[in-house]
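Worksheet: the structure to be examined is printed underneath.
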Amino acid sequence: MSSKRHILTAVAWPYANGPRHIGHVSGFGVPSDVFARFQRMSGNNVLMVSGTDEHGTPIQVLADQEGVSARELVDRYNRIIAEDLVALGLSYDLFTRTTTANHYAVVQELFTGLHRNGYIFSKTTKGAISPSTGRTLPDRYVEGTCPICGYDGARGDQCDNCGNQLDPIDLINPRSKINGETPEFVDTEHFMLDLPAFAELLGDWLKSKQGQWRPNVLKFSLNLLDELQPRAITRDLDWGVPIPLEGWRDQPNKRLYVWFDAVIGYLSASIEWAKRSGDPEAWRKWWQNGEAEAFYFMGKDNIVFHSEIWPAMLLGYSGQGARGGEPGSLGALNLPTEVVSSEFLTMEGRKFSSSRRVVIYVRDFLERYDADALRYYIVAAGPETQDTDFTWAEFVRRNNDELVAAWGNLVNRSISMAAKNIGHIPEAGELTDVDRAVLDASKAAFTTVGERLNRAQFKAALQEAMRTVAEANKYISDQAPWQLKKTDPKRMATVLHVALQLVSDAKTLLTPFLPASSNKVYEMLGGQGTWTGMPRLEEVTDSIGGEDGVSTYPVITGDYADNEARWESIPIVPGTPLKPPTPLFRKLDQSVVDEELARLEEAAG
RNA sequence: GGGCCGGUAGCUCAGCAGGUCAGAGCAGGGGACUCAUAAUCCCUGGGUCGCGGGUUCGAGCCCCGCCCGGCCUACCA
């Protein structure tokens, strides 16, 4: 554990068709940040990248509905999403977007490499297009009468009434779900990624992860291998990355499929980060170093893209599929070390749905409550290994009983006793067995909590960390330093010293989960410098997107390398002045539950 | 239709490779204390582990069937 590891923390790219809700950030956002912060504190070299995913039919359709360009739409939501993720304290080294010149170039390079190695071939298929726009009409955007059961609301891919799988061309009276017009079925040529060429390698790779990955991810992925088929990676659409081949590059209505370009974002964002950091080759340490590790975080709906398609693309580009080949000009690229998937968060028993307005947006949440309160809830009660339900009653309870009453109160009672009675961090006198035992337990927690964090078991890690908080509260109650004030002031000083050391340790243990409030505790204890870095928005320029060919956009970045936070018990310094503390967390009134439920009912109408 | 996951005390959830596995937190009840945002600490109640079969000396944990919920099903991400 002494050598520094290179750890890529690859975070799923939120789709820029609207603001993100708390279900989204509980899947990819908070878990990835807890992991990255812990790894940095452990002394490892972390590169945490992501961005907004901005291409594809849904964005084009939404833009048309609103009467704006796709570019205008994604500019709007890219900014909103980036602001929300900063507000949550997610410590991206770079959070960018898929509509940058750099991303286009890297995507085209990957395509070219895969094509040259023979893993991409073209095929003519019959597909539905919208006569008025010429764009592909995805199967689910075609409606009509089911040829099997006669149900009128069948979609092009499936009939919701009889459950049969359909082909859109078989629908009776097909119509576009977007504008009602009758789709045309035309021959259209598309490129396919030859996934079967990777089936064997993927299978070996996945089997080597037994016992390491969460079992649901592994089982799901292995099962998919049986039915691996070539997958189309282009669309009839003008909103996307152009296809970098003669005869295709300038076709206005052929673009790479949004999923093909989105997963490449992990690589393009790493390269963009390196360029902006002043060392354009620096990304290679996380992608081509044989020792480097790559952890990918996402919700369960994204597993297939990270355990099958993206690995296949990486293998093919590196010249390692059934057809062999040579690595592209970037060189061979690493496969994921681990694919960490969360399940889904439901909302008061219902599935989140923006369209039905069963939703709590990150922005709305953070306007009324603190980021650490949400982060705490997501880790403690979020969908780590199975779907879980968000309820306002449980949120208020967790906030009040666990954050405020247990942890906040421990900080408050310890520091205020020391500040009022002594005025600074007291020197410890002779330690009793009880003192030593509780201090040892606190030190040991760095190992137990750390082991769980290393294995992406966040819920268990937080439970262990909170156990030290309970032990510290018990220690103080048992030792009753307030009773020692007159009888044995030296002993009181020792007890308070021990208590403050426990507070300091607990603060360190909780830092990955609760960075903002941990910084506050660090300051309360007289710490100097930055304990753990917080992200910031920065405006940068790009050579595409703007009217004159130049645009600016916000990225998330931050300085996390020179922080004071380290994953170990750091001795407190006697003599450090202490001021009476202010409360660490806000206690929420029970009325919050009714207010929020009423708000939800009103919105859902 | 197929694949995967889940259905454990009033509530939210743990139970890692079958034999102290029937648990934690909260809510409820009793007590201690007063440093602290009336917070803390101790004790306590007890649920046919979705339903029906089966394997086993022994099954929440394995197998089969069924019911309910979620995700995916490859042109919605």
Side-chain angles (χ1 to χ4, degrees), chain A residues 12-17 53 55-59 61 125 127-128 136-142 155-159 162-165 168 190 195 211 215-224 226-237 257-259 262 299-305 308-309 341 343-344 346 349 351 380-381 383-391 393-394 397-398 400-402 404-406 408-418 420-421 457 459-460 463 466 470 472-478 480-483 485 492 496 499 580-587:
Chain A
W13 290 50
Y15 198 57
N17 65 343
D53 175 12
H55 296 302
T57 305
I59 279 174
V61 169
T125 60
T136 297
L137 214 43
D139 289 355
R140 294 185 192 191
Y141 282 57
V142 180
R155 294 174 305 170
D157 60 329
Q158 180 176 21
C159 175
C162 66
N164 282 292
Q165 281 213 313
H190 282 297
L195 288 173
N216 56 338
V217 178
L218 208 51
K219 275 183 158 177
F220 184 83
S221 304
L222 281 166
N223 189 265
L224 289 171
D226 300 337
E227 305 174 40
L228 225 43
Q229 289 175 28
R231 183 162 174 145
I233 56 169
T234 52
R235 291 290 182 278
D236 294 300
L237 188 72
Y257 178 35
V258 59
W259 256 109
K300 64 176 163 183
D301 54 339
N302 269 331
I303 292 174
V304 63
F305 297 102
E308 312 279 357
I309 296 174
S341 165
E343 302 290 301
F344 271 48
T346 54
K351 187 187 167 190
E384 184 170 306
T385 57
Q386 67 174 275
D387 292 356
T388 58
D389 192 34
F390 176 92
T391 65
E394 181 71 357
R397 189 199 69 71
R398 294 253 183 201
N400 288 353
D401 291 350
E402 298 178 17
V404 176
N409 183 237
L410 171 66
V411 173
N412 217 35
R413 68 196 299 212
S414 310
I415 297 180
S416 68
M417 252 188 290
K420 284 179 192 167
N421 294 308
Q457 297 174 344
K459 192 177 281 195
Q463 273 176 7
M466 287 301 285
N473 269 323
K474 175 175 166 53
Y475 171 80
I476 294 174
S477 293
D478 288 350
W482 53 88
Q483 292 179 343
K485 190 172 177 180
M492 179 189 74
L496 289 178
T582 53
L584 194 56
F585 302 105
R586 287 187 298 148
K587 183 164 182 175

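Quick note on labels: first sequence line is chain A, next is B, and so on, each numbered from 1.
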Exercise. According to a strict under-4.0 Å criterion, is Q386(A) in side-chain N/O contact with OP1 or OP2 of rA14(B)?
Worked result: yes
Problem set entry | Candidates rC71(B), rA39(B), rU34(B) - which lies nearest the side chain of A405(A) | rA39(B)
Exercise. Is there a side-chain polar atom (N or O) of Y257(A) under 4.0 Å from OP1 or OP2 of rC76(B)?
Worked result: no
Problem set entry | Nucleotide opposite rG6(B) in a Watson-Crick or G-U pair, distances under 3.5 Å | rC68(B)
Problem set entry | Flag, side chain of N412(A) to backbone of G408(A), donor-acceptor distance under 3.5 Å | no
For this session: Would you mind telling me which of rA77(B), rA14(B), rU12(B) lies closest to the side-chain atoms of K459(A)?
Result: rA14(B)
Exercise. Over how many whole Å does the gap from E343(A) atom CD to rG6(B) atom P extend?
Worked result: 8 Å
Exercise. Measuring from D401(A):CG to K587(A):NZ, what's the distance to the nearest 0.5 Å?
Worked result: 8.0 Å
Problem set entry | Integer angstrom distance from the C1' of rC51(B) to that of rG69(B) | 15 Å
Exercise. Below 4.0 angstrom from OP1 or OP2 of rC4(B), is there any side-chain N or O of K300(A)?
Worked result: no
Problem set entry | Nucleotide paired to rG25(B) in any strand shown, Watson-Crick or G-U, under 3.5 Å | rC11(B)
Exercise. Taking the side chain of K587(A) as heavy atoms from C-beta outward, which of rA39(B), rC26(B), rC35(B) is closest to it?
Worked result: rA39(B)
Seminar exercise, completed: Taking rA27(B), rU12(B), rC5(B) as options, the one with an atom nearest any side-chain atom of K219(A) is rC5(B)
Problem set entry | S341(A) side chain to V217(A) backbone, donor-acceptor under 3.5 Å | no
Exercise. Can you tell me how far P of rC42(B) sits from CD1 of I476(A), to the nearest Å?
Worked result: 13 Å
Exercise. Can F220(A) be called stacked on rC4(B) when the rule is centres closer than 5.5 Å and an angle between planes below 30°?
Worked result: no
For this session: Check the distance between rA32(B)'s P and N473(A)'s CG and give it to me in whole angstrom.
Result: 20 Å
For this session: Would you classify rG23(B) as syn or anti? Syn applies when the glycosidic angle is within 90° of 0.
Result: anti
Exercise. Using the C1' atom in both, what is the distance from rU48(B) to rU44(B), to the nearest Å?
Worked result: 24 Å
For this session: Assign T388(A) to base, sugar-phosphate, or nothing according to its heavy-atom contacts below 4.0 angstrom with the strands shown.
Result: sugar-phosphate
Exercise. Sub-3.5 Å donor-acceptor pair from the side chain of D387(A) to the main-chain atoms of T346(A), do we have one?
Worked result: no
Exercise. Which nucleotide sits closest to the side chain of W482(A): rU12(B), rC41(B), rU34(B)?
Worked result: rU34(B)
Exercise. Counting distance only, does the side-chain N/O of H190(A) pair as donor-acceptor with the main-chain N or O of T234(A) below 3.5 Å?
Worked result: yes
Exercise. Applying a 3.5 Å limit to both distances, which nucleotide forms a Watson-Crick or G-U wobble pair with rA32(B)?
Worked result: rU40(B)
Exercise. Rounded to whole angstrom units, what separation is found between the CG atom of L224(A) and the C1' atom of rA74(B)?
Worked result: 9 Å
Problem set entry | Gap in Å between the two P atoms, one belonging to rC61(B) and one to rG19(B), rounded | 12 Å
For this session: Using the P atoms only, state how far rA24(B) lies from rC42(B), rounded to an integer number of Å.
Result: 13 Å
Seminar exercise, completed: Comparing nearest nucleotides in RNA chain B, the 5'-proximal residue of the pair R586(A), W13(A) is R586(A)
For this session: Would you mind reading off the distance between K485(A) atom NZ and rC35(B) atom C1', rounded to a whole angstrom?
Result: 10 Å
Exercise. Distance from T388(A) atom OG1 to E394(A) atom CD, nearest 0.5 Å?
Worked result: 10.0 Å
Problem set entry | Same-atom distance (P) from rG31(B) to rG53(B), integer angstrom | 47 Å
Problem set entry | Length of the CG-C1' vector between N302(A) and rU73(B), whole Å | 15 Å
Problem set entry | Closest nucleotide among rC4(B), rU40(B), rC71(B) to the R413(A) side chain | rU40(B)
Exercise. rU34(B) phosphate, OP1 or OP2: any side-chain N/O from Q483(A) under 4.0 angstrom?
Worked result: yes
Exercise. Which part of the nucleic acid, if any, lies within reach of N421(A) when heavy atoms closer than 4.0 Å are counted: base, sugar-phosphate only, or nothing?
Worked result: nothing
Exercise. Tell me: CG of D389(A) to C1' of rG70(B), nearest whole Å?
Worked result: 12 Å
Exercise. Which pair of heavy atoms, one from W259(A) and one from N302(A), lies closest together, and at what distance?
Worked result: CZ2-OD1, 3.1 Å
Exercise. What distance, rounded to whole Å, do you find between the two P atoms, one in rG54(B) and one in rU73(B)?
Worked result: 39 Å
Exercise. When the distance from CD of E308(A) to P of rC4(B) is rounded to whole Å, what number comes out?
Worked result: 14 Å
Problem set entry | K420(A) side chain near rA36(B) phosphate (N/O to OP1/OP2, under 4.0 Å) | yes
Exercise. Between rA32(B) and rA39(B), how far is it from one C1' atom to the other, in whole Å?
Worked result: 15 Å
Seminar exercise, completed: Among the nucleotides rC26(B), rC75(B), rU37(B), whichever has the atom closest to the side chain of R235(A) is rC75(B)
Problem set entry | Closest nucleotide among rC75(B), rA77(B), rA14(B) to the D301(A) side chain | rA77(B)
Exercise. Distance between the P atoms of rC21(B) and rG15(B), in whole angstroms?
Worked result: 14 Å
Exercise. Among rA39(B), rC71(B), rC41(B), which nucleotide sits nearest the side chain of S477(A)?
Worked result: rC41(B)
For this session: Taking Y257(A) for its side chain and G56(A) for its backbone only, find out whether a donor-acceptor pair lies under 3.5 Å.
Result: no
Problem set entry | Presence of T385(A) side-chain N/O under 4.0 Å of rA14(B) phosphate oxygens OP1/OP2 | yes
